[in-house]
A.B. asks: 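Below: one structure in structure tokens.
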Amino acid sequence: MKNNKKRIAVTFMMILGIMMFCTINAYAAPSNTDLPQLNISLGDKGSTPQDYASSIKLLIFFTIISLLPSIVIMMTSFTRIVVVFSFLKSAMGIQQAVPNQILTGLAIFLTLFIMQPIYTQINTNGIQPYLENKINQEQAIAEVSKPLKTFMLAQTTKKDLKLFIEVSKVDTINFKEETDIPMTTLIPAFAISELKTAFEIGFLIYLPFIVIDMVIASVLMSMGMFMLPPTMVSLPFKLIVFVMVDGWYLLVQSLIKSFM
């Protein structure tokens, strides 16, 4: 055993000595290497005002695209729909059965369906006249925001709107219409109103499924089946009831009519 340890120690010392006497040559890169030059130009002498206007429009377009998710979530019907779908999954106990991607996709297309008249007004009154140089940028922003503000005001409770107006200290005396309220004040009021409405709908969705859970739990307890989870037995009954009453039709119909 001692001889093996001595052989390992001698071998290690020999390898270390060879590494110390070996030399490694490192070569620097030649100093006269020609590197490519990078030139950035924002325009030339031949550029016209129309070219600059097109570049600005393109910049505005990409800015809107980058903010599109926030606009869809906070200024449309998407919030209410997706929260109600989340309550439905929790009430039925089908967290893994229905993927979130499917419900999110359905919420997006329902949002497009509900907001289609507003998108048409925005395109007709704001985007197309601006692209045709019939109105300036300020007028286009006003025409685009007016239909959105009208929609949000219709779904926002006066209590929530009053809260943010008082906190932001907005002077409403000079406002000719309610659509003159700034977006920074209207959007949070609309968001909490949508959450409140979605929670009310979620409460109504929970009630029948809670009744089914209570009935199944009482039956199992009376039969002495304490070890059998009530949720396992109640899930098929929930699915049968939901399908028999055509639950998806009723739910989607109620959501669409709630915005009308």
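No hydrogens, no waters, no symmetry mates; every other heavy atom, side chains included, goes into these values.
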A.B. asks: Would you say Thr76 and Tyr119 make side-chain contact, with heavy atoms under 4.5 Å?
C.D. replies: yes

A.B. asks: If you measure only the distance, is there a donor-acceptor pair under 3.5 Å linking the side chains of Asn100 and Lys89?
C.D. replies: yes

A.B. asks: Please answer whether the main-chain N or O of Ser86 pairs with a side-chain N or O of Ser90 as donor and acceptor at a distance below 3.5 Å.
C.D. replies: yes

A.B. asks: Measure the spacing between NZ of Lys158 and CG of Leu153 and express it to the nearest 0.5 Å.
C.D. replies: 11.0 Å

A.B. asks: Given the rule that I, L, V, M, F, W and Y join up when any side-chain heavy atoms are under 4.5 Å apart, are Val215 and Met244 in one cluster?
C.D. replies: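 As far as the 4.5 Å side-chain criterion goes, Met244 and Val215 are not connected within one cluster.
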
A.B. asks: Find the distance between CD1 (Ile216) and CE (Met214) and round it off to the nearest 0.5 Å.
C.D. replies: 12.0 Å

A.B. asks: Do the side chains of Ile201 and Leu250 join up, straight or via other hydrophobic residues, at under 4.5 Å, putting them in one cluster?
C.D. replies: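 Ile201 and Leu250: separate clusters.
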
A.B. asks: Run the side-chain contact (heavy atoms from CB on, under 4.5 Å) check on Phe209 and Val241 step by step: do they pass?
C.D. replies: CA-CA 9 Å; Phe209 296 116; Val241 171; 5.7 Å; no

A.B. asks: Transitively linked via ILVMFWY side-chain contacts under 4.5 Å: Tyr206 with Val82?
C.D. replies: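 In one cluster with Tyr206: Val82, yes.
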
A.B. asks: Do Ile210 and Ile240 sit in one hydrophobic cluster, given that two such residues count as connected whenever their side-chain heavy atoms are within less than 4.5 Å of each other, even indirectly?
C.D. replies: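 No, because Ile210 and Ile240 fall into different hydrophobic clusters, even though each may have its own neighbours under 4.5 Å.
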
A.B. asks: Taking all non-hydrogen atoms of both residues, which atom of Leu186 and which atom of Met152 are closest, and how far apart?
C.D. replies: CD2-CE, 3.7 Å

A.B. asks: Test your reading of the model: is there a side-chain donor-acceptor pair from Glu132 to the backbone of Pro129, 3.5 Å cut-off?
C.D. replies: no

A.B. asks: For the pair Ser222 (side chain) and Val219 (backbone), establish whether a donor and an acceptor sit closer than 3.5 Å, ignoring hydrogens and angles.
C.D. replies: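 Answer holds: yes.
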
A.B. asks: Do you know which two heavy atoms are closest between Met74 and Phe190, and how far apart they sit?
C.D. replies: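 Heavy-atom minimum between the residues: O-CD2, 3.2 Å.
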
A.B. asks: Take atom CZ in Phe203; do more than 12 heavy atoms of anything else shown fall under 6.0 Å from it?
C.D. replies: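 No, the 6.0 Å shell around CZ holds no more than 12 heavy atoms from other groups.
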
A.B. asks: To the nearest 0.5 Å, how far apart are OG1 in Thr185 and CG in Leu163?
C.D. replies: 10.5 Å

A.B. asks: Working note: Met75 + Met183, criterion side-chain contact (heavy atoms from CB on, under 4.5 Å); need CA distance, chi angles, decisive distance, verdict.
C.D. replies: CA-CA 10 Å; Met75 301 174 64; Met183 278 289 189; 3.5 Å; yes

A.B. asks: Could you measure the distance from the CE atom of Met260 to the CD1 atom of Ile256? Nearest 0.5 Å is fine.
C.D. replies: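 Rounded to the nearest 0.5 Å, the CE-CD1 separation comes to 6.5 Å.
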
A.B. asks: Can you check whether Gln101's main-chain N or O pairs, donor with acceptor, with Thr104's side chain at less than 3.5 Å?
C.D. replies: no

A.B. asks: Less than 6.0 angstrom from the centroid, inside 45 degrees of the normal: does Arg80 satisfy that with respect to the ring of Phe259?
C.D. replies: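 Cation-pi check for Arg80 and Phe259: passes.
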
A.B. asks: So, for Gly126 and Val144, which heavy atoms are closest and what is the spacing to 0.1 Å?
C.D. replies: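 Scanning both residues completely, I find the closest heavy atoms to be CA-CG2, 4.1 Å.
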
A.B. asks: Applying side-chain contact (heavy atoms from CB on, under 4.5 Å), run through Leu239 and Met92 and close with a yes or a no.
C.D. replies: CA-CA 8 Å; Leu239 294 176; Met92 294 186 66; 3.4 Å; yes

A.B. asks: To check you understand the geometry: which heavy-atom pair defines the closest contact between Leu235 and Ile94, and what is its length?
C.D. replies: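 What the structure gives for the nearest pair is CD1-CG2, 3.6 Å.
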
A.B. asks: Looking at every heavy atom in both Leu195 and Val83, which two are closest together, and how far apart are they?
C.D. replies: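 Shortest heavy-atom separation between Leu195 and Val83 comes out as CD2-CG2, 4.2 Å.
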
A.B. asks: What's the verdict on salt bridge (Lys or Arg N to Asp or Glu O under 4.0 Å) for Lys238 and Asp213, showing C-alpha distance, side-chain angles and the deciding distance?
C.D. replies: CA-CA 9 Å; Lys238 291 179 182 179; Asp213 287 333; 3.0 Å; yes

A.B. asks: Could you check Asp160, Thr79, Thr156 and say which one makes a side chain to side chain donor-acceptor pair (under 3.5 Å) with Ser193?
C.D. replies: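 Going through the options one by one, the only one that passes is Asp160.
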
A.B. asks: Determine whether Phe78 and Leu106 fall in the same hydrophobic cluster, where Ile, Leu, Val, Met, Phe, Trp and Tyr are linked whenever their side-chain heavy atoms lie under 4.5 Å apart.
C.D. replies: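 In one cluster: yes.
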
A.B. asks: Mind checking whether Gln121 and Thr150 have side chains closer than 4.5 Å, heavy atoms only?
C.D. replies: no

A.B. asks: Does any non-hydrogen side-chain atom of Gln137 lie less than 4.5 Å from one of Ile141?
C.D. replies: yes

A.B. asks: May I have the step-by-step check of ring pair (Phe, Tyr, Trp, His ring centres under 6.0 Å) for Phe199 and Phe87, ending in yes or no?
C.D. replies: CA-CA 8 Å; Phe199 274 55; Phe87 275 117; 5.1 Å; yes

A.B. asks: Between NZ of Lys146 and CD1 of Ile118, what distance do you get to the nearest 0.5 Å?
C.D. replies: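 Lys146 atom NZ to Ile118 atom CD1 measures 14.0 Å (nearest 0.5 Å).
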
A.B. asks: Pair Leu255, Phe85 - check side-chain contact (heavy atoms from CB on, under 4.5 Å), show working.
C.D. replies: CA-CA 10 Å; Leu255 285 172; Phe85 285 165; 4.0 Å; yes

A.B. asks: If you round to the nearest 0.5 Å, how far is CD1 of Ile108 from CD1 of Ile73?
C.D. replies: 8.5 Å

A.B. asks: Which atom pair, heavy atoms only, marks the closest approach of Ala189 to Ile192?
C.D. replies: O-CG1, 3.4 Å

